[in-house]
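Taking it in order: structure first as structure tokens, then the write-up.
Just so you know, these numbers come straight off a predicted model, no measurement behind them.
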Amino acid sequence: MKDFGEYDYVIVGAGAAGCVLANRLSADPDIKVLLLEAGGKDDWIWIHIPVGYLFCINNPRTDWCYKTEAEPGLNGRSIIYARGKGLGGSTSINAMIYMRGQARDYDEWATLTGDSDWAWDKVFPVFKGCEDHWAGNSELHGAGNEWRVEQQRLRWDILDRFAEAANQAGIPATPDFNGGNNFGTSQFEVNQKKGVRWNASKAFLHPIAKRPNLQVVTHAMTDKVMTDGRSVSGVQFFVDGERCVARSRIETVLAAGSLGSPAILQRSGIGDPAFLQEMGLTVAHGLPGVGYNLQDHLQLRSVFKVQGIKTLNKQANSLWGKAMMGLEYALFRRGPLTMAPSQLGLFAHSSADEATPDLEYHVQPLSLDKFGDPLHTFPAFTASVCDLRPKSRGWIKIRDRDPASAPRIAPCYLSDEADRAKAARAIRLTRKIASQPALAPYQPSEHLPGAAFDTDEKLAEAAGTIGTTIFHPVGTCKMGRRDDPRAVVDSRLRVLGLQGLRIVDASIMPTITSGNTSSPTVMIAERGAAMIREDRRRAN
């Protein structure tokens with residue numbers, strides 16, 4: 001066994017959270033930090049060209065290429081479940097959309113955990129404190145920090161018309177989605193810099209990678225944490241097939257994400273005792289909530305054919321069109337190659353009973369049957385809508401003891417009847433927007449799911465056919481009160497019942513945020529790093 005030695009902190013995972021943690025903890029030259037990443041470097045060109053997500057997702061070079069279990073709510077389908085592989089984690093392959101969520105999300109966390117430090121008024125300054133917003137410092141945004149936020153560098157007439165149609169349907173324009181209530185329609189802002197993806201490793205890791213007190217090891221597959229009674233002393237991991245060990249003087253910090261962190265705990269004998277025994281693992285510490293409470297945003301992809309207006313379908317299916325897109329990007333860093341997966345955003349209420357928006361739209365000037373398929377040959381747009389606060393809860397479980405084995409993933413989409421009813425309402429709202437006068441000149445015709453799905457029961461069935469993940473898994477090591485039987489960490493992100501182990505990533509979210517999840521994960525890591533530093537100062 002190769003001994004990597006002893007560090008003050010061992011961080012597992014160099015995604016959004018791990019990059020922030022490595023930056024903030026190693027800022028103190030007296031602290032020695034080891035950062036382990038199971039993937040490789042983020043040096044492939046398609047990571048950095050924004051539209052490169054098309055080549056990165058479901059590519060073993062940049063994606064772990066996971067798949068869900070066959071999902072009853074998706075009519076028995078198993079779907080791809082992309083997770084970033086390499087420095088930057090999923091921020092190297094995601095939609096780049098900058099979204100904080102809603103104030104009510106964090107106020108709910110404060111209530112569920114009994115800790116007011118998670119309320120909106122406390123986390124809002126944290127979001128601003130790491131932001132570098134294109135418009136500079138303002139009441140809502142910060143500037144001059146690491147997490148770059150810019151406007152997108154292209155527009156589509158079809159999306160502008162959809163926004164007008166949404167206004168006609170009662171959803172107004174909004175100047176900013178990030179003020180605490182994101183109701184309305186607007187262009188998404190993105191984590192890009194001058195037309196290039198701005199991932200967490202560019203923002204937080206590469207500028208400080210040469211600090212002498214920080215060691216970064218790639219292709220390091222973490223197997224388990226090492227426990228001694230109720231204390232954690234480090235991790236065991238593999239590099240090039242060789243088992244290695246690294247010890248932590250103060251803490252081991254899991255930042256491996258909502259799939260990786262619970263899997264590491266389970267292989268370590270930390271989790272639901274019944275499941276661990278079923279896997280033939282010795283129970284080191286019983287925590288029934290590990291791997292449960294999985295939440296995700298299921299997007300329902302309605303496709304409408306149009307006439308007399310430009311969409312990406314025709315341009316992308318033409319050699320000349322592709323050449324022009326490449327030339328525009330090469331010369332100006334503009335055009336379709338700078339596209340995030342969605343340009344137009346929309347937040348709406350599924351019913352009058354919802355106090356804040358509970359639906360999010362990602363509207364795209366293109367269409368396809370499923371991810372990885374070619375774009376349709378006919379002009380069309382896609383209006384994807386997701387339930388921001390699903391009631392369905394799923395799980396993640398290791399398949400076996402091998403850390404290289406893909407975990408079993410069961411999001412349990414649409415397993416709650418309330419989610420099925422909301423899916424039907426969401427598709428009806430999409431149809432309402434598409435029927436407005438602003439789109440009438442282009443004769444929108446519903447291609448998916450199709451007009452034949454006309455009752456709530458049929459629409460819920462259709463949701464299972466057109467639904468797919470928007471890649472926002474959270475909650476599998478939930479933060480909660482000590483009397484919560486499913487809680488895994490306390491409000492300071494310490495694993496309950498163990499010393500020397502914290503989890504700092506999206507898995508700690510007790511409930512999913514009302515929007516895209518990468519920037520909330522950055523905020524969690526900022527708060528986690530501050531807690532770790534505070535606890536060290538108190539101990540000294």
For [X], is the [atom1] atom crowded, meaning more than 12 foreign heavy atoms sit under 6.0 Å from it?
| X | atom1 | answer |
| --- | --- | --- |
| D240 | CG | no |
| D228 | CG | no |
| E6 | CD | yes |
| K122 | NZ | yes |

Which label fits W120 and F124: parallel for a plane angle under 30°, tilted from 30 to 60°, or perpendicular past 60°?
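Geometry flag for F124 against W120: tilted rings.
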If we ignore hydrogens and angles and just use 3.5 Å, is the side chain of [X] paired with the main-chain N or O of [Y] as donor and acceptor?
| X | Y | answer |
| --- | --- | --- |
| N213 | S26 | yes |
| R197 | I47 | yes |
| R527 | I524 | no |
| T113 | G480 | no |
| E71 | Y413 | yes |
| S342 | Q364 | no |

Decide side chain to side chain donor-acceptor pair (under 3.5 Å) for W44 and T62; before the verdict, give the C-alpha distance in whole Å, the side-chain angles of both, and the deciding distance to 0.1 Å.
CA-CA 9 Å; W44 192 36; T62 48; over 6 Å; no
Start with the C-alpha gap between W134 and E189, add the side-chain angles, then the distance that decides, and say whether side chain to side chain donor-acceptor pair (under 3.5 Å) holds.
CA-CA 9 Å; W134 65 271; E189 294 180 327; 2.7 Å; yes
[X] versus [Y], closest heavy-atom pair with distance:
| X | Y | answer |
| --- | --- | --- |
| P262 | V290 | O-CG1, 3.7 Å |
| A82 | I93 | CB-CD1, 4.2 Å |
| D296 | P390 | O-CG, 3.4 Å |
| A525 | L21 | O-CD2, 3.9 Å |

Residues in salt bridge (Lys or Arg N to Asp or Glu O under 4.0 Å) with [X], at least two apart?
| X | value |
| --- | --- |
| E526 | R24 |
| D483 | none |
| K202 | none |
| R153 | none |

Taking the ring of Y98 and the ring of F177, is the distance between their centroids below 6.0 Å?
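Ring centroids of F177 and Y98 are no less than 6.0 Å from each other.
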Going by atom types alone, do R393 and N293 pair a side-chain donor with an acceptor below 3.5 Å?
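Short answer, yes.
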Side chains of T517 and T513: any donor to acceptor distance under 3.5 Å?
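Not at all, the side chains of T513 and T517 share no donor-acceptor pair under 3.5 Å.
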Does the side chain to side chain donor-acceptor pair (under 3.5 Å) test come out yes or no for S201 and D42, once each step is laid out?
CA-CA 8 Å; S201 44; D42 60 334; 2.6 Å; yes
Do [Y] and [X] meet the salt-bridge criterion of a basic N to acidic O distance under 4.0 Å?
| X | Y | value |
| --- | --- | --- |
| D484 | R481 | no |
| E242 | K2 | no |
| K85 | D63 | no |

Matching residue for D8 among K32, R536, R249 - test: salt bridge (charged side-chain N to carboxylate O under 4.0 Å, His left out)
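The single option meeting the salt bridge (charged side-chain N to carboxylate O under 4.0 Å, His left out) with D8 is R249.
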Taking only residues at least two apart or on different chains, which pairs with a member in residues 464-511 satisfy ring-ring contact (aromatic ring centres under 6.0 Å, His included)?
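Residue pairs with at least one partner in residues 464-511: H297-H472.
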Name all pairs fulfilling the ring-ring contact (aromatic ring centres under 6.0 Å, His included) condition that reach into residues 507-540, sequence neighbours left out, sorted by first residue then second.
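Applying ring-ring contact (aromatic ring centres under 6.0 Å, His included) to every pair that reaches into residues 507-540, excluding sequence neighbours, yields nothing.
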Who are the side chain to side chain donor-acceptor pair (under 3.5 Å) partners of H362, not counting sequence neighbours?
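Testing H362 for side chain to side chain donor-acceptor pair (under 3.5 Å), a comparison that skips the adjacent residues, returns E360, N516.
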Who are the side chain to side chain donor-acceptor pair (under 3.5 Å) partners of T91, not counting sequence neighbours?
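Partners of T91 by the side chain to side chain donor-acceptor pair (under 3.5 Å) criterion come out as none, since no residue qualifies.
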All pairs passing salt bridge (charged side-chain N to carboxylate O under 4.0 Å, His left out) where residues 257-282 contributes a residue, at least two apart
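Found D223-R267.
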Listing request: all salt bridge (charged side-chain N to carboxylate O under 4.0 Å, His left out) pairs with a residue in residues 493-503, at least two apart in sequence or in separate chains.
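Output for this query lists E251-R502, D490-R494, R502-D535.
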Which distance, rounded to the nearest 0.5 Å, do you find between the [atom1] of [X] and the [atom2] of [Y]?
| X | Y | atom1 | atom2 | answer |
| --- | --- | --- | --- | --- |
| Y9 | L35 | OH | CG | 15.0 Å |
| N191 | S518 | CG | OG | 5.5 Å |
| Y329 | T338 | OH | OG1 | 7.5 Å |
| T468 | R301 | OG1 | CZ | 7.5 Å |

Per the side-chain contact (heavy atoms from CB on, under 4.5 Å) rule, which among V12, L493, I532 passes with V253?
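Among V12, L493, I532, the one meeting side-chain contact (heavy atoms from CB on, under 4.5 Å) with V253 is I532.
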Which of these passes side-chain contact (heavy atoms from CB on, under 4.5 Å) with V488: L265, L496, I508?
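For V488, the side-chain contact (heavy atoms from CB on, under 4.5 Å) check succeeds only for L265.
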Apply ring pair (Phe, Tyr, Trp, His ring centres under 6.0 Å) to H133 and list each qualifying residue two or more places apart in sequence or on a separate chain.
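Ring pair (Phe, Tyr, Trp, His ring centres under 6.0 Å) list for H133, sorted by chain: H141.
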Please name all residues satisfying ring pair (Phe, Tyr, Trp, His ring centres under 6.0 Å) with W395, sequence neighbours left out, ordered by chain then number.
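Checked W395 against ring pair (Phe, Tyr, Trp, His ring centres under 6.0 Å); zero matches.
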Check against salt bridge (Lys or Arg N to Asp or Glu O under 4.0 Å), R100 and D105:
CA-CA 10 Å; R100 297 170 179 168; D105 302 333; over 6 Å; no
Audit row: F204, E146, side chain to side chain contact (heavy atoms under 4.5 Å, CB included) steps and yes/no
CA-CA 6 Å; F204 298 101; E146 297 95 342; 3.5 Å; yes
